[in-house]
Amino acid sequence: MAASSAPERASERVVERVVIENCAIATVDAGDTEIASGHLVLAGNRIESVGAGEAPEGLENVVRRIDATGHLVTPGLVNTHHHFYQWITRGLATDHNLFDWLVALYPTWARIDEPMAYAAAQGSLAMMARGGVTTAMDHHYVFPRGSGDLSGAIIRAAREMGVRFTLARGSMDRGESDGGLPPDFAVESLDGALAATEATVREHHDASFDAMTQVAVAPCSPFSVSTELMRQGAELARRLGVRLHTHGSETVEEEKFCHELFGMGPTDYFESTGWLGEDVWMAHCVHMNDSDIAAFARTKTGVAHCPSSNARLAAGIARVPDMLAAGVPVGLGVDGTASNESGELHTELRNALLINRLGAHREAALNARKALRLGTYGGAQVLGRAAETGSLEPGKLADLVLWRMDTLAHSSIADPVTALVLGAAAPVTASFVNGRQIVENGRLLTADEDAIARSTRDEARRLARIAAQG
């Protein structure tokens, strides 16, 4: 596994400070502390202080002061579920349910290669980062034979973008000939998938407090992998000390599949293969009964809630209020942009609140602050990084966003958190990751957005041509 560099001796370390003042602050700490007008001091890659009024006097090595009048500062958004490669297959199969959508798109996805994966990762990361995401993840599970180093390409794109990143190294070993949905040449063997996953963890996973790259073990879903891959994948993750991720209980068709093939529902199947625990998080979890939610709460298994994708694929409404009441860790996810074409996490704050109010709890389902918590601390919790990020507290990593709240779109809304969640998408004046600014006035500082737009368009067209040729 990647090792963190040896720390410098204290006498040699010069900590540069950035001071942010005159802003509203939503800390999303345990007490949901909010400050109407306050300051933050960033020291290197850590938050040194957060408080009301102006920053303390006499601070040394202050290299920058930001007057954040008219802004709300929050923790950076944390995305807990995505499929970057889908950036180059957006807008297809728009009127399908999940299984039909997969059948329609797998033949195209099975043709991706390394340049496509890199460009698609750039597009996905750029869209999220300019919209306030500071910690991203990608569940990549399509590894066609001869396609190159897809994991390395995705990690390289995240590193260049400057976003904190978790690669969920996915896998599939159940192709069409074994009753699965993907073409046989797009799946791996059991042994091949396990070996490649272990190699990816050992090469790229960083377990340090301020790690920029981490890796999780992530077989795709119960209907695309064998029971042995699920079981041995869990064993591998725990042997290596990394987290586990997969899709779970997304549709009624999946539940029916599990009952027919395994004689039990998805949650019982996951438990039988070692896939419940505080080191596990599942995407979607739409079709969960009371017993399922109780099992997730008992084991502290996390959930990545993807409201826009669930609606796009007509999967249903996840029981997020019931999960939260039971103590299930829940974060937000974009999901792949072939089922959420915007690719933006900040819109999921609003959609999570609105869609859950269509469910049984109606207006009591979620409020603005619960939605913000899902997109920040909740996400950090399910990624296993709540001690490091997800809230604005001294000692935590300097991952934060300055949202502008004094423009036409928001200035007449007195409560800035309500404005952020229920209002139009707020402009991002600045986004910091690990103490480094990566966005300024809605534009990336670490990448050329126009060049990415051209390369993703070109790779999307190339993929379409290859897929059409069969």
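Just so you know, these numbers use all the heavy atoms, side chains as well, and skip hydrogens, waters and symmetry mates.
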Novice: Just so I know, are the side chains of Pro222 and Glu254 near enough to count as touching, which here means a heavy-atom distance under 4.5 Å?
Specialist: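 Yes. Closest side-chain heavy atoms under 4.5 Å.
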Novice: Checking side-chain contact (heavy atoms from CB on, under 4.5 Å) for the pair His83/Tyr141: CA distance, chi angles, key distance, verdict?
Specialist: CA-CA 9 Å; His83 307 294; Tyr141 53 84; 3.4 Å; yes
Novice: Could you walk me through whether Leu313 and Glu250 pass the side-chain contact (heavy atoms from CB on, under 4.5 Å) test, one step at a time?
Specialist: CA-CA 10 Å; Leu313 295 173; Glu250 186 172 0; 4.2 Å; yes
Novice: Please examine the side chains of Leu422 and Leu353, heavy atoms only from C-beta on, and report whether any two atoms are closer than 4.5 Å.
Specialist: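 Counting from C-beta outward, Leu353 and Leu422 do come under 4.5 Å.
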Novice: Measuring from atom CD of Gln381 to atom OG1 of Thr80, what distance do you get when rounded to the nearest 0.5 angstrom?
Specialist: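 The distance works out to 11.5 Å.
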Novice: Does a donor on one side chain sit under 3.5 Å from an acceptor on the other, for His81 and Asp335?
Specialist: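 A donor-acceptor contact under 3.5 Å links the two side chains.
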Novice: Can you tell if the side chain of His284 reaches within under 4.5 Å of the side chain of Ser249, non-hydrogen atoms only?
Specialist: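 Sidechains of Ser249 and His284: no contact.
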Novice: Have a look at Arg164 and tell me which of Asp210, Thr134, Asn434 forms a side chain to side chain donor-acceptor pair (under 3.5 Å) with it.
Specialist: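 Result: among Asp210, Thr134, Asn434, Asn434 is the only option passing the side chain to side chain donor-acceptor pair (under 3.5 Å) with Arg164.
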Novice: Looking only at side-chain N and O atoms, does His71 offer a donor or acceptor that is under 3.5 Å from a partner on Thr429?
Specialist: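 Looking only at side-chain atoms, His71 and Thr429 do form a donor-acceptor pair, the distance falling under 3.5 Å.
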Novice: Rounded at 0.5 Å granularity, tell me how far OG in Ser124 sits from CD in Gln86.
Specialist: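 Rounded to the nearest 0.5 Å, the OG-CD separation comes to 8.5 Å.
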Novice: Could you pull out all donor-acceptor pairs under 3.5 Å where a side-chain atom in residues 258-268 meets a protein atom, sequence neighbours excluded?
Specialist:
| unit_1 | atom_1 | unit_2 | atom_2 | d |
| --- | --- | --- | --- | --- |
| Thr267 | OG1 | Asp292 | OD1 | 3.1 |

Novice: Check whether the ring centres of Phe223 and Phe99 lie less than 6.0 Å apart, and answer yes or no.
Specialist: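 Here the rings of Phe99 and Phe223 have centres that are less than 6.0 Å from each other.
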Novice: What heavy-atom pair brings Val334 and Asn79 nearest, and what distance separates the two atoms?
Specialist: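 Minimum heavy-atom separation between Val334 and Asn79: N-OD1, 2.9 Å.
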Novice: Flag the pair Arg319 and Asp290 as a salt bridge only when some basic side-chain nitrogen lies within less than 4.0 angstrom of an acidic carboxylate oxygen.
Specialist: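 So Arg319 pairs with Asp290 through a salt bridge.
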Novice: Report yes if the side chains of Thr301 and Glu278 come closer than 4.5 Å at any heavy-atom pair, otherwise no.
Specialist: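 Thr301 vs Glu278: side chains apart.
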Novice: First locate atom OG of Ser455, then atom CD1 of Ile88, and finally report the distance between them rounded to the nearest 0.5 Å.
Specialist: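 Those atoms lie 10.0 Å apart.
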Novice: Test side-chain contact (heavy atoms from CB on, under 4.5 Å) on Tyr106 and Glu176; report intermediate values, then the result.
Specialist: CA-CA 11 Å; Tyr106 265 136; Glu176 285 179 313; over 6 Å; no
Novice: Compare all side-chain heavy atoms of Arg369 with those of Asp415 and state whether any distance is below 4.5 angstrom.
Specialist: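 Result yes, sub-4.5 Å side-chain heavy-atom pair found.
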Novice: So His245 and Trp281, would you call those rings parallel, tilted or perpendicular, with 30° and 60° as cut-offs?
Specialist: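 His245 and Trp281: parallel rings.
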Novice: Run the numbers on His305 and Asn310 for side-chain contact (heavy atoms from CB on, under 4.5 Å), then give the verdict.
Specialist: CA-CA 9 Å; His305 176 45; Asn310 293 343; 4.1 Å; yes
Novice: Would you say Gln214's side chain and Asp206's backbone share a donor-acceptor pair under 3.5 angstrom?
Specialist: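 Looks like yes, one N/O pair under 3.5 Å.
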Novice: Heavy-atom distance under 4.5 Å between the side chains of Asn356 and Pro321, does that happen here?
Specialist: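 A side-chain contact exists here, since the closest heavy-atom pair is under 4.5 Å.
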Novice: Does a side chain donor of either Glu393 or Thr27 reach within less than 3.5 Å of an acceptor in the other side chain?
Specialist: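 Side-chain D/A pair, Glu393 to Thr27: absent.
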